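On a predicted model such as this, the values are computed, not experimentally measured, just so you know. A note on names: the letters A, B, ... follow the listed sequences, proteins ahead of strands, and every chain is numbered from 1.
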Number of protein chains: 2
Amino acid sequence: MIESPHPSQPRPVDAAVEAILDELRADGGRITSGRRAIVRSLLSADDHHVTADELASRVQVDHPDVNRSTVYRTLDALEAMGVLSRISLGTGGAVYHLADHAHHHLVCTRCRSVVEVQPGLLGPVMDQLEAQTGFSLDRPHVVISGLCASCRPGKPS
Amino acid sequence: MIESPHPSQPRPVDAAVEAILDELRADGGRITSGRRAIVRSLLSADDHHVTADELASRVQVDHPDVNRSTVYRTLDALEAMGVLSRISLGTGGAVYHLADHAHHHLVCTRCRSVVEVQPGLLGPVMDQLEAQTGFSLDRPHVVISGLCASCRPGKPS
DNA sequence: GTTCCTGTTGCAACCCTATTGCACTAACGT
DNA sequence: ACGTTAGTGCAATAGGGTTGCAACAGGAAC
């Protein structure tokens, strides 16, 4: 990993990592190299939805000494702080994404890909559901399953 | 279990059990006492959402020799035939309900109670989602999580 | 009624995701 | 530098479900 030649212009990812770590510290938590690596990996993930296991594997490339249970515990801590959301996709592992990136989820039951849906679309219906049932809906965690365009019957492979 | 004194007027549950078993037979399957017990228990469940484990326990009261894996395999078979739907509630076990009883689900993340929502309400939004994303949504399996009225913060216990 | 083919079952072992108890380590306020 | 205490690695455990295999049993054909 080559560091930027312009330390006075930190990469946005680095700034975001430190911002989250600061939250963690402000919450009475401690900053360890493992946690820094986990947060960095979380932020630099291309797809915004990572499972705990994927994250552990990625982190362990550079930090083989970071245990899977540490990843789980760190994710728990970050979720408890509201920094990220844990989305349970039904089958298989849960996925995590940053909480500031709010949306609903469509997940393909065959290829397990996740498509994000703007929260606006479901808003009015959710309001109506809440009024009818007295539920307080968990809007960032809404998951609707189905078959994505490529997995629909009639499509090749 | 006392049988009806009027065998010419079978109880509705019995008729429904045999109807499902007939489907199973028509599909090339065989009818066993275990399967009959499982289907009967499924149909006489008061709440329409049973987990595989609950079902196994109920069946084993009268049929202790019916194994858990048999329950899973029978439920799989019935689901494959479209007789029932398996709903994955996120955390904890999946629940099953009859497919002819279509609805969406709100599930409380605290007490795990399930409230049914008429399919009509979400229909238009689902159409829109499908058009936008190319997904073919799994309408009977829609689950939205949240806190039910009794578990909302500020309520007693 | 018997036979035979094949679907079904019980059992135990296993998989996957996640959690936990415990002894040890290390962050960070002082 | 030190002490407190949060965080960590490790191994064991839990929950929910699946699977390989040998034995068993529907039920169509005779």
Let me know the distance between CG of Asp65(A) and C1' of dC24(C), rounded to the nearest Å. 15 Å

Does the distance from a Lys or Arg side-chain N to an Asp or Glu carboxylate O, for Arg152(A) and Glu130(B), drop under 4.0 Å? no

To the nearest Å, how far apart are Asp76(B) CG and dT8(C) C1'? 13 Å

His48(A) and His105(A) aromatic centres sub-6.0 Å: no

Could you work out which one of dG20(D), dG16(D), dT8(D) sits closest to the side chain of Thr70(A)? dT8(D)

Indicate yes or no: at least one non-hydrogen side-chain atom of Ile87(B) is less than 4.5 angstrom from one of His141(B). yes

State whether the side chain of His97(A) and the backbone N or O of Ser85(A) hold a donor-acceptor pair below 3.5 Å, judged by distance alone. no

Grab the CG-C1' distance between Leu75(A) and dT17(C) for me, whole Å please. 13 Å

Check the distance between dG16(D)'s P and Glu54(B)'s CD and give it to me in whole angstrom. 10 Å

Salt bridge check, Arg25(B) against Asp22(B): does any charged N sit closer than 4.0 Å to a carboxylate O? yes

Counting heavy atoms from C-beta on, name the nucleotide in dT18(D), dT20(C), dT9(C) closest to the side chain of Ser69(A). dT20(C)

Establish, with yes or no, whether the OP1 or OP2 oxygen of dT8(C) is under 4.0 angstrom from a side-chain nitrogen or oxygen of Arg73(B). no

Within this structure, what is the CD-to-C1' distance between Gln60(B) and dG10(C), rounded to whole angstrom? 11 Å

Checking all strands, does Ala77(A) fall into the base, sugar-phosphate, or nothing category for heavy-atom contacts under 4.0 angstrom? nothing

Using only side-chain N and O atoms of Asn67(A), determine if any of them is under 4.0 Å from OP1 or OP2 of dC10(D). yes

Nucleotide dG10(C), atom C1' - distance to CZ of Arg35(B) in whole Å: 14 Å

Protein-nucleic acid N or O pairs under 3.5 Å, nucleotides 22-29 of chain D:
unit_1	atom_1	unit_2	atom_2	d
dG26(D)	N2	Arg30(B)	NH1	3.2
dG26(D)	N2	Arg30(B)	NH2	2.7
dG26(D)	N3	Arg30(B)	NH1	3.3
dG27(D)	OP1	Arg25(B)	NH1	3.3
dG27(D)	OP1	Ile31(B)	N	3.3

Identify all side-chain donor-acceptor contacts of residues 31-39 of chain A below 3.5 Å with residues at least two apart in sequence or on another chain.
unit_1	atom_1	unit_2	atom_2	d
Thr32(A)	OG1	Arg35(A)	N	3.1
Arg35(A)	NH1	Arg30(A)	O	3.1
Arg36(A)	NE	Glu18(A)	OE2	3.1
Arg36(A)	NH2	Glu18(A)	OE1	3.2

Think Arg68(B) has a side-chain N or O under 4.0 angstrom from the OP1 or OP2 of dT18(D)? no

Counting any heavy atom closer than 4.0 Å, what does Gly92(B) reach on the DNA or RNA strands: base, sugar-phosphate only, or nothing? sugar-phosphate

Measure from CZ on Arg36(B) to P on dT9(C) and round the result to the nearest Å. 12 Å

From CG of Leu21(A) over to C1' of dG7(D), roughly how many Å is that when rounded to an integer? 14 Å

Does a side chain donor of either Ser69(B) or Asn67(B) reach within less than 3.5 Å of an acceptor in the other side chain? yes

Should Tyr72(A) be listed as having a side-chain N or O under 4.0 Å from OP1 or OP2 of dT19(C)? no

